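Worth saying up front: this structure is predicted, and the values here are computed from it rather than measured. Within every chain, numbering begins at 1; the chains are lettered A, B, ... in the order of the sequence lines, protein sequences first and strands thereafter.
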There are 2 protein chains.
Amino acid sequence: MPRVKSRSETVSIAQLAKHLGLSEGTVSRALNNYPDIAKKTIARVRKAADELGYRPSTTARRLARGVVETIGFVLPARHGHQIDPFLAEILDGLATELALSDWDLLVAAVPDGHDEVEVMDRLIRSGKVGGFVVARTRRNDPRVDFLRKSHVPFVVQGRTAKSDDYAWLDIDNEKAFIDAMNHLVGLGHRKIAYLGGDPDLNYAWQRREGFLSAAKAHGCDVPSGYVFDNITDEMAARRAVTELLKHPDRPTALLCVTDAVAIGAIHALAHAGIEVGSEISVIGFDGLPMGEAIHPGLTTMSQASYQIGREVGRIVVAQANVPASELSQILWEASLTIRGSANPPAQKSVTNAKGGIS
Amino acid sequence: MPRVKSRSETVSIAQLAKHLGLSEGTVSRALNNYPDIAKKTIARVRKAADELGYRPSTTARRLARGVVETIGFVLPARHGHQIDPFLAEILDGLATELALSDWDLLVAAVPDGHDEVEVMDRLIRSGKVGGFVVARTRRNDPRVDFLRKSHVPFVVQGRTAKSDDYAWLDIDNEKAFIDAMNHLVGLGHRKIAYLGGDPDLNYAWQRREGFLSAAKAHGCDVPSGYVFDNITDEMAARRAVTELLKHPDRPTALLCVTDAVAIGAIHALAHAGIEVGSEISVIGFDGLPMGEAIHPGLTTMSQASYQIGREVGRIVVAQANVPASELSQILWEASLTIRGSANPPAQKSVTNAKGGIS
DNA sequence: ACGCTATCCGAAAGCGGTTTCGGTTGTCAA
DNA sequence: TTGACAACCGAAACCGCTTTCGGATAGCGT
């Protein structure tokens with residue numbers, strides 16, 4: 001265990017103090033704006049400090065103060081093989097916001113054979129982080145349960161089934177899918193199928209709820225074979241579309257749990273020679289830039305991932321600064337972005353031509 | 001500045017030592033496998049340590065040892081609005097690899113009005129990181145210049161124009177594009193256009209070099225209007241395609257600097273009613289999962305971003321552990337993934353039917 | 001029984017800051 | 001003048017762990 005320190009390179013408070021002819025304590029208090037230091041001393045210290053390029057060692061400061069201005073973010077174990085673009089944006093926003101408050105962002109992965117809670121526990125016990133942000137919540141999420149018991153501040157992007165006693169920021173997924181349904185029904189659709197995700201993930205659950213309750217409210221029939229779960233990749237989306245096309249009562253619209261699923265569905269439809277946006281309408285959720293690029297453009301419910309990241313960062317820092325503060329529980333709305341993939345259904349005649357008698 | 005410490009929660013080495021009836025020093029040495037501690041003492045200490053759930057405070061340990069096992073990664077200032085999926089994968093791999101060596105990953109953003117070097121400088125001076133990974137290198141990159149002067153270990157994903165004196169891992173972009181050209185020429189193409197990126201970014205430069213040198217080697221004509229630069233988003237790709245379609249000598253193939261550009265081009269072509277893969281072939285670079293989903297599938301040069309992240313992580317840690325070690329300079333090859341978007345050009349007759357006299 | 005190595009462990013000095021607690025000054029009213 | 005009270009600053013303890021150094025103990029040969 002060699003000492004690798006390059007202590008020469010960096011200015012310590014001791015050097016600064018000697019340089020100024022002051023004691024270390026005074027210099028420290030000056031830099032931290034203690035009221036009992038003369039204004040001009042403060043100024044003098046400040047000046048010397050940035051002339052010498054002094055930056056207090058965060059390590060030492062942490063040890064002395066006992067606070068760690070770092071929030072942890074554990075990357076979800078990669079079930080698939082690619083990181084979700086939504087997460088990447090959140091991270092970006094989070095890092096940006098934290099930078100403004102001089103907090104750091106520690107990103108951790110979960111090595112094989114370990115689990116997320118274990119990783120989080122180590123991060124806390126070893127004092128590497130002083131707070132957490134968790135995303136991609138399951139309806140019933142061990143990470144949240146763990147953090148509830150631990151005493152570090154944390155904010156959840158999303159919610160769990162029981163979410164009254166911690167801070168979170170979520171998109172109103174249920175309302176978003178009701179809105180999407182309203183839009184489809186407003187366009188004249190009645191036969192709407194749903195391509196859902198893993199219902200353990202709370203957002204997928206909520207979205208399905210939104211779909212189902214809206215269908216009920218509008219009196220839309222949801223025949224068996226109209227609702228799919230666990231559509232998590234392109235291939236699954238294709239299979240689902242294939243089945244739907246064989247359905248005796250073929251839907252005129254598809255509501256999809258994410259843009260990725262919607263895009264998969266669109267490709268599958270195109271592949272089957274179905275014209276998207278006229279023969280069948282498709283709506284997604286996320287607002288990925290990708291949706292703008294494909295043809296037809298994807299009508300979707302957009303959420304501002306980057307902003308979500310920023311807001312979550314703001315909240316977690318606020319909570320760390322005022323530990324006993326009220327818990328923020330914030331619900332944001334997704335907004336409908338209309339592009340070419342959802343339009344009124346084909347005229348009755350066409351519909352009749354298929355199943356029709358009259 | 002209140003003390004927010006939850007010092008009660010966490011076991012310190014003092015408590016552990018008292019519990020064992022040993023001195024702190026002995027406990028420390030036992031846990032760090034010093035040879036001068038009796039084997040059974042070590043065992044006893046170990047046992048007690050994880051019974052009590054003791055985790056040494058990284059802060060204190062860092063202060064004492066003078067080393068910071070954290071590597072920094074500065075997110076490129078977001079010129080666009082979305083984070084590059086390639087970066088996200090690298091981060092994932094990096095985090096995974098670092099976790100194996102018990103290193104941490106600190107992700108920092110660049111606040112408005114600051115620049116990347118400034119952020120890196122602060123991270124180093126304040127002792128928050130002990131090494132860096134930089135990605136998305138420009139041909140002539142101030143970050144690399146800065147790190148060269150600073151004395152922290154760092155590894156560059158990519159290279160700069162002058163790259164002999166630091167550690168890097170790069171894809172052989174030039175060779176990749178030569179390979180892609182060989183593939184196209186092998187299929188029978190002679191009229192190949194190039195949709196390039198920002199030539200300040202070294203990979204874009206290298207890829208264009210590869211294209212140009214291969215074109216020359218094969219004796220392919222590259223008429224003016226065949227080479228585009230600064231295609232950085234879908235819109236630009238569309239505009240370029242539009243121009244190419246009006247070109248008096250319309251190309252039979254498009255080589256694109258990235259998959260994103262290729263996908264943009266494909267959509268533009270589809271939109272113009274051109275059948276991709278028969279009328280015009282398209283090749284991309286990256287191997288994004290997206291390329292598999294579109295129709296036709298995108299023929300592309302794949303790079304294993306996640307693996308790149310891991311390897312870069314391995315290198316930077318190795319370098320931090322053995323500061324004077326040889327610099328790793330590693331070149332990986334991209335591999336050709338053949339899908340539907342590149343095929344032999346339309347038969348001569350068709351070609352002739354257009355511009356032909358005979 | 002004695003001295004002499006090995007073996008093992010305790011004491012103590014850091015690491016670079018922060019923060020409490022007093023002790024000096026200078027000022028001003030009595 | 002003198003005393004009291006601010007206003008400022010220095011001394012020193014501490015945060016939790018590491019590491020050097022030397023002392024105590026035990027085992028061994030003689």
Side-chain angles (χ1 to χ4, degrees), chain A residues 1-45 49 52-69 124-128 130, chain B residues 1-45 49 52-69 124-128 130:
Chain A
M1 332 239 144
R3 296 205 160 202
V4 201
K5 339 194 171 189
S6 57
R7 275 175 183 152
S8 40
E9 306 294 338
T10 165
V11 199
S12 73
I13 200 175
Q15 297 170 34
L16 181 56
K18 197 165 48 162
H19 175 86
L20 283 163
L22 289 173
S23 76
E24 300 181 20
T26 303
V27 171
S28 170
R29 287 187 322 254
L31 291 174
N32 290 295
N33 278 324
Y34 273 56
D36 64 343
I37 302 286
K39 295 243 167 83
K40 54 178 191 199
T41 306
I42 294 194
R44 198 162 67 93
V45 172
L52 298 195
Y54 168 74
R55 296 254 130 216
S57 147
T58 14
T59 306
R61 178 193 285 249
R62 280 179 187 170
L63 185 56
R65 290 231 247 241
V67 269
V68 190
E69 332 81 339
I124 293 180
R125 303 185 91 94
S126 61
K128 290 184 173 178
Chain B
M1 335 245 145
R3 296 203 159 204
V4 200
K5 338 195 171 188
S6 58
R7 273 175 183 152
S8 41
E9 305 295 339
T10 164
V11 200
S12 71
I13 201 175
Q15 296 170 35
L16 181 56
K18 197 166 49 164
H19 174 86
L20 283 162
L22 289 173
S23 75
E24 299 180 21
T26 303
V27 171
S28 170
R29 285 186 325 252
L31 291 174
N32 290 296
N33 279 324
Y34 274 57
D36 65 341
I37 302 287
K39 294 242 168 86
K40 55 178 189 199
T41 307
I42 293 194
R44 200 162 66 93
V45 173
L52 298 196
Y54 168 73
R55 296 252 131 217
S57 147
T58 13
T59 305
R61 178 192 284 250
R62 280 178 188 172
L63 185 56
R65 291 230 247 240
V67 268
V68 190
E69 331 82 339
I124 293 180
R125 302 185 92 93
S126 61
K128 289 183 174 179

Checklist entry - Within this structure, what is the CZ-to-P distance between B/R62 and D/dC15, rounded to whole angstrom? => result 20 Å
Checklist entry - Heavy atoms under 4.0 Å, any strand shown: does A/S28 hit a base, just sugar-phosphate, or nothing? => result base
Checklist outcome for this item: To the nearest 0.5 Å, atom OG of A/S28 lies from atom CZ of A/R61 at 7.5 Å
Checklist entry - If you round to the nearest 0.5 Å, how far is CG of B/L31 from CG of B/L16? => result 6.5 Å
Checklist entry - Can you check whether B/R65 has a side-chain N or O nearer than 4.0 Å to OP1 or OP2 of D/dT19? => result yes
Checklist entry - Nearest-Å distance, CG (B/L63) to P (C/dA13)? => result 17 Å
Return a table of donor-acceptor pairs under 3.5 angstrom between the side chains of residues 35-42 of chain A and protein atoms on other chains or two or more places apart.
none

Checklist outcome for this item: Taken to the nearest whole Å, OH/B/Y34 to P/C/dC9 is 15 Å
Checklist entry - For the pair made of CZ in A/R125 and P in D/dG16, what is the distance, rounded to whole Å? => result 15 Å
Checklist entry - Rounding to a whole Å, what distance do you find between B/N32:CG and D/dG16:C1'? => result 13 Å
Checklist entry - For B/I13 and D/dC15, what is the distance between atoms CD1 and C1' respectively, to the nearest whole Å? => result 14 Å
Checklist entry - Do you know which two heavy atoms are closest between B/L52 and B/H19, and how far apart they sit? => result CD1-CG, 4.1 Å
Next on the checklist: Using only atom types and a distance under 3.5 Å, with no angle test, would you say the side chain of B/S126 pairs donor to acceptor with the backbone of A/T58?
Outcome noted: no
Nucleotide N/O of nucleotides 6-13 of chain D paired with protein N/O under 3.5 Å:
unit_1 : atom_1 : unit_2 : atom_2 : d
D/dC9  : OP1    : A/T41  : OG1    : 2.8
D/dC9  : OP2    : A/A38  : N      : 3.0
D/dC9  : OP2    : A/T41  : OG1    : 3.1
D/dC9  : N4     : A/D36  : OD2    : 3.0
D/dG10 : OP2    : A/S23  : N      : 3.0
D/dG10 : OP2    : A/S23  : OG     : 3.3
D/dG10 : OP2    : A/T26  : OG1    : 2.7
D/dG10 : N7     : A/R29  : NH2    : 3.4
D/dG10 : O6     : A/R29  : NH1    : 2.9
D/dG10 : O6     : A/R29  : NH2    : 3.3

Checklist entry - To the nearest Å, how far apart are A/K18 NZ and C/dG16 P? => result 13 Å
Next on the checklist: Just to verify, what does A/S57 make a side chain to side chain contact (heavy atoms under 4.5 Å, CB included) with, not counting sequence neighbours?
Outcome noted: A/T59, A/A60
Checklist outcome for this item: Residues passing the salt bridge (Lys or Arg N to Asp or Glu O under 4.0 Å) test with B/E69, sequence neighbours excluded, are B/R62
Next on the checklist: Let me check the geometry of the helix from C/dA1-D/dT30 to C/dA30-D/dT1. What is the bend angle between the axes at its two ends, five pairs each, to 10°?
Outcome noted: 60°
Checklist outcome for this item: Atom CZ of B/R61 and atom C1' of C/dG16 are separated, to the nearest Å, by 18 Å
Checklist outcome for this item: Interatomic distance, CZ@A/R29 vs CG@A/L22, rounded to 0.5 Å, equals 10.0 Å
Item to check | Pairing residues for A/R125 by the side chain to side chain contact (heavy atoms under 4.5 Å, CB included) criterion, not counting sequence neighbours | outcome: A/D121, B/R55
